[in-house]
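Atoms considered below: every heavy atom in the structure, side chains included; atoms not considered: hydrogens, waters and symmetry mates. Chain letters run A, B, ... following the sequence lines, proteins first and then strands; every chain starts at 1.
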2 protein chains.
Amino acid sequence: MKKRGEIMQAEVLAILRRRGTPMSAYEVLGQLRDSHPQLAPPTIYRALAALTERGGVHRLESLNAFIACKSDSHKDASILSICDDCGEVEEFVSPDLLKALSSIAGQSGFAPTRHVIEVHGQCASCGSAQDQA
Amino acid sequence: MKKRGEIMQAEVLAILRRRGTPMSAYEVLGQLRDSHPQLAPPTIYRALAALTERGGVHRLESLNAFIACKSDSHKDASILSICDDCGEVEEFVSPDLLKALSSIAGQSGFAPTRHVIEVHGQCASCGSAQDQA
DNA sequence: CACGGGCTTGATATAACATAACAAACACAC
DNA sequence: GTGTGTTTGTTATGTTATATCAAGCCCGTG
């Protein structure tokens, strides 16, 4: 019974990609209920967990939401900038910063396994829009 | 009616400090119900929000939990290392890293207002404990 | 092929986290 | 002391997430 799960993941990913901005698990669920009226939360959460692990989806810890990974093919921890006005998210990768971070946390013998780096603020377009207001 | 709120905040902070490791809002609520049986969630969340803003408490976004700020007196964003085994949290401050981070996110005109930096892993004592296992 | 163990998925239920919205109390100006 | 704005308390509900068990599939064995 492997296929079903993979189909699920593909559908979830498609929905997230279509949206482009962060979606909660329940928003995804809502969309999917159009085609699969029976769907329950654990199914979605399992699909999202698998996708997150695979690197196809980012979980935004500070929003409890998910977003399709755009510049896919980096399974390293990303730096995510989140516009609090429009919801737009950008991904950045910086091995240097990650290294610096690991070394700071490692000062006392801590062994990092997962980095959460999220920056909230205002994206370029929302910032300039506000200037006029 | 200002005092009541401040007392609340002090009690919440005391509970968090006593514990030392992360607590969910509802754990705090449970503790407080010993002395204030009537207490409802919004009261706790308000106290936690005020404390977080003041810098007395950190919110751990990736755990939906809170912890008393130990090295208090830095209201800058902290780097938090979280041991997934024992729950121990350490705080670090690194203006350089913050600057680097802002500059990365700022590449496309993004204006950061709030940084979330959390590193999961294993603390020194849990790491060495595991070595023996 | 049947049947049985181990694993994946699905469904039900409920737990955990958080806030909206309104009511009551206070505090300060007049 | 009465009105107005603000803080706090309470009720209710909304949102996010997972435990648990049931059902289905895969595949190796007899």
Side-chain angles (χ1 to χ4, degrees), chain A residues 1-13 15-16 19 21-54 56-67 82 84 87 89 114 116 118 120, chain B residues 1-13 15-16 19 21-54 56-67 82 84 87 89 114 116 118 120:
Chain A
M1 215 175 182
K2 184 103 169 289
K3 292 242 185 65
R4 197 82 165 89
E6 284 169 7
I7 292 170
M8 200 68 246
Q9 289 173 35
E11 293 194 37
V12 168
L13 186 53
I15 287 171
L16 286 169
R19 177 72 68 94
T21 49
M23 291 178 84
S24 76
Y26 278 73
E27 283 179 282
V28 176
L29 179 56
Q31 299 269 320
L32 276 170
R33 288 237 237 239
D34 292 350
S35 42
H36 310 266
Q38 294 280 32
L39 233 48
T43 302
I44 304 298
Y45 279 98
R46 283 198 274 245
L48 287 168
L51 287 164
T52 302
E53 201 149 328
R54 257 182 31 203
V57 159
H58 292 292
R59 167 163 196 159
L60 301 163
E61 298 286 352
S62 56
L63 296 179
N64 294 326
F66 300 84
I67 190 164
I82 304 162
D84 291 327
V89 173
R114 178 179 156 235
V116 175
E118 298 178 8
H120 285 258
Chain B
M1 216 175 181
K2 183 103 169 287
K3 291 239 185 69
R4 195 83 164 89
E6 284 170 7
I7 292 170
M8 200 68 248
Q9 288 173 36
E11 293 195 36
V12 168
L13 186 52
I15 287 172
L16 286 170
R19 176 71 69 94
T21 49
M23 291 179 84
S24 76
Y26 278 71
E27 283 179 282
V28 176
L29 178 58
Q31 298 268 321
L32 277 170
R33 289 235 237 239
D34 292 350
S35 43
H36 310 266
Q38 292 280 32
L39 232 49
T43 303
I44 304 297
Y45 279 99
R46 284 199 273 244
L48 287 168
L51 287 164
T52 302
E53 202 149 327
R54 255 181 34 202
V57 159
H58 293 291
R59 169 166 196 156
L60 300 162
E61 298 287 352
S62 56
L63 297 179
N64 294 328
F66 300 84
I67 190 165
I82 303 163
D84 291 326
V89 173
R114 177 180 158 234
V116 175
E118 298 178 8
H120 285 258

S.K.: Could you state the CG-P distance from A:L63 to D:dT15, rounded to the nearest angstrom?
M.R.: 16 Å

S.K.: Taking the minimum atom-to-atom distance to the side chain of A:R46, which one of D:dG9, D:dT16, C:dG10 wins?
M.R.: C:dG10

S.K.: Between C:dA18, D:dA17, C:dC17, which one does the side chain of B:F66 approach most closely?
M.R.: C:dA18

S.K.: OG1/A:T52 to CD1/A:I67 distance, rounded to the nearest 0.5 angstrom?
M.R.: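 Between atom OG1 of A:T52 and atom CD1 of A:I67 there are 12.0 Å.
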
S.K.: Using only modelled atom types and a 3.5 angstrom limit, is any donor from either the side chain of A:Y26 or the base of D:dA17 paired with an acceptor on the other?
M.R.: yes

S.K.: Would you kindly compare A:A40 and B:S24 by the position of their nearest DNA chain C nucleotide and give the one closer to the 5′ end?
M.R.: A:A40

S.K.: Hey, are the side chains of A:L48 and A:R59 touching, using non-hydrogen atoms and a 4.5 Å cut-off?
M.R.: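 In short, these two side chains do not touch, never coming nearer than 4.5 Å.
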
S.K.: Measure the distance from CD on A:Q9 to C1' on C:dG10 and round it to the nearest whole Å.
M.R.: 15 Å

S.K.: At 4.0 Å (heavy atoms only), tell me whether A:T43 reaches a base, stays on the sugar-phosphate, or touches nothing.
M.R.: sugar-phosphate

S.K.: Please report the distance, rounded to the nearest Å, between CD1 in B:I7 and P in C:dC26.
M.R.: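 It works out to 13 Å between those atoms.
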
S.K.: Identify which nucleotide among C:dC17, C:dT19, D:dT18 has an atom closest to any side-chain atom of B:P41, counting heavy atoms from C-beta outward.
M.R.: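 Minimum distance to the B:P41 side chain belongs to C:dT19.
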
S.K.: Find out whether A:R46 and A:M8 are in side-chain contact, i.e. whether some heavy atom of one side chain is under 4.5 Å from a heavy atom of the other.
M.R.: no

S.K.: Could you check which of D:dA17, D:dG9, C:dT12 has an atom nearest any side-chain atom of A:P42?
M.R.: C:dT12

S.K.: Output, in order, the C-alpha distance, side-chain angles, deciding distance and verdict of side-chain contact (heavy atoms from CB on, under 4.5 Å) for B:I15 and B:M23.
M.R.: CA-CA 9 Å; B:I15 287 172; B:M23 291 179 84; 3.8 Å; yes

